[in-house]
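Bear in mind that the values here come from a model prediction, so they are computed numbers and not experimental data.
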Amino acid sequence: MYDIVVIGHGAAGLTAALAAAESGQAAGHTLRIAVIEQAPQGAHGGNTRFTPCYLRMAAPDCVDAGFVDEMIRVSGGCNDRAYFERLANEAPATIAWLQEHGVRFHTPDYYLSTGPARIQPVGGGNSIVEALTQAATDAGVEFIYETTATTLRRHADGAITGVSIDQAGKGRTLAAGAVVL
């Protein structure tokens, strides 16, 4: 039985798996965590692998000053200001966490002649995938490649108890205390 099964090996899935493993370790627990990935090893990473990953930050520790107002303006006032304020407040800590795991950032030559400052991981999104995959592997996260999650498994009371998978045409169920999609 796994403590956590994460579906997807992009930045979000890797972050969820690694953060859970690190939180468990900090509390003195070794969690059994698996990441299910449809792609083969080496082609993993979802869309994160292919993005140039331009981030709207003036520097790794500083969000562009006009970020929140610009997001509200371009949405015609339909965006949730509190969401973007939280995103702006937490972005520097997120970048610092990525840096702690080996992701390096720089200020790239930007393809637009004007506009707010940007930072970018050296190597684009693929560098995030590779750094977090290595950190998660080092933290004991298991990766299950060429596998499709097919169905969430539920207890009679509705609680999620695991996930059914298809691996090379063979189905099985991974029992889990939690499933992250």
R153 meets the side chain to side chain contact (heavy atoms under 4.5 Å, CB included) criterion, sequence neighbours left out, with T151, T161, S164, T173
By side-chain hydrogen bond (donor to acceptor under 3.5 Å, both in side chains), H155 pairs with (sequence neighbours left out) D157
Worksheet item: Is the distance between the ring centroids of F143 and H44 under 6.0 Å?
Response: no
message: Run F84 and N79 through side-chain contact (heavy atoms from CB on, under 4.5 Å) and show every step you take.
response: CA-CA 8 Å; F84 283 100; N79 281 338; 3.5 Å; yes
Side-chain contact, heavy-atom cut-off 4.5 Å: S23 with Q25?
no
Establish whether I144 and V141 are linked, either directly or via other cluster members, by ILVMFWY side-chain heavy-atom contacts under 4.5 Å. no
Between P92 and N89, the two heavy atoms sitting closest are CD-O, 3.7 Å
(request) Take L152 and L181, measure what side-chain contact (heavy atoms from CB on, under 4.5 Å) needs, and give me the verdict at the end. (result) CA-CA 10 Å; L152 291 175; L181 301 175; 4.1 Å; yes
Non-hydrogen side-chain atoms of Y145 and I36 separated by less than 4.5 Å: no
Looking at side-chain heavy atoms only, is the closest gap between V180 and I7 below 4.5 Å?
no
Carefully, step by step, assess V129 and L14 under the rule side-chain contact (heavy atoms from CB on, under 4.5 Å). CA-CA 8 Å; V129 171; L14 285 165; 4.2 Å; yes
**Study point:** I119 vs Y54 side-chain heavy atoms within contact, under 4.5 Å
**Key:** no
Side chain to side chain contact (heavy atoms under 4.5 Å, CB included) filter on R172, not counting sequence neighbours, yields I165, Q167, L174
Applying salt bridge (charged side-chain N to carboxylate O under 4.0 Å, His left out) to D69 and not counting sequence neighbours gives R81
Take atom CD of Q38 as the centre, draw a 6.0 Å sphere, and report whether it contains more than 12 heavy atoms from other residues, nucleotides or ligands. no
Residue pairs passing the salt bridge (Lys or Arg N to Asp or Glu O under 4.0 Å) test with at least one member in residues 38-60, sequence neighbours excluded, are R49-E130, R56-D64
| request: Show your working on side-chain contact (heavy atoms from CB on, under 4.5 Å) between I95 and L55 and close with a plain yes or no. | output: CA-CA 10 Å; I95 298 301; L55 303 174; 3.7 Å; yes
In short, salt bridge (Lys or Arg N to Asp or Glu O under 4.0 Å) pairs touching residues 10-39 with sequence neighbours left out are R32-E142
In short, L31 meets A20 closest at the heavy-atom pair CD1-O, 3.4 Å
Open item on the list: Assigning hydrophobic clusters by single linkage (Ile, Leu, Val, Met, Phe, Trp, Tyr; side-chain heavy-atom cutoff under 4.5 Å), is V5 placed with L18?
Closed with: no
| Does one hydrophobic cluster hold both V163 and V35, with members joined at side-chain heavy-atom distances below 4.5 Å? | no
Value for OG1 (T133) from NE2 (H101), rounded to nearest 0.5 Å, stands at 12.0 Å
Distance col, row T51:OG1 vs N126:CG, nearest 0.5 angstrom, shows 11.0 Å
Original post:
If we only count heavy atoms from C-beta on, is the Q99 to P60 side-chain gap below 4.5 Å?
Top reply: yes
All heavy atoms of C53 vs all of G125, minimum pair found to be CB-N, 3.8 Å
Note: V63 and A91 closest approach over all heavy atoms is CG2-CB, 3.8 Å
Between P121 and I128, the two heavy atoms sitting closest are CG-CD1, 3.9 Å
In this structure, SG of C78 is separated from CE of M71 (nearest 0.5 Å) by 14.0 Å
For W97 and A19 the tightest heavy-atom approach is CZ2-N, 4.3 Å
dist F105:CZ -> R118:CZ (nearest 0.5 Å) comes out at 14.5 Å
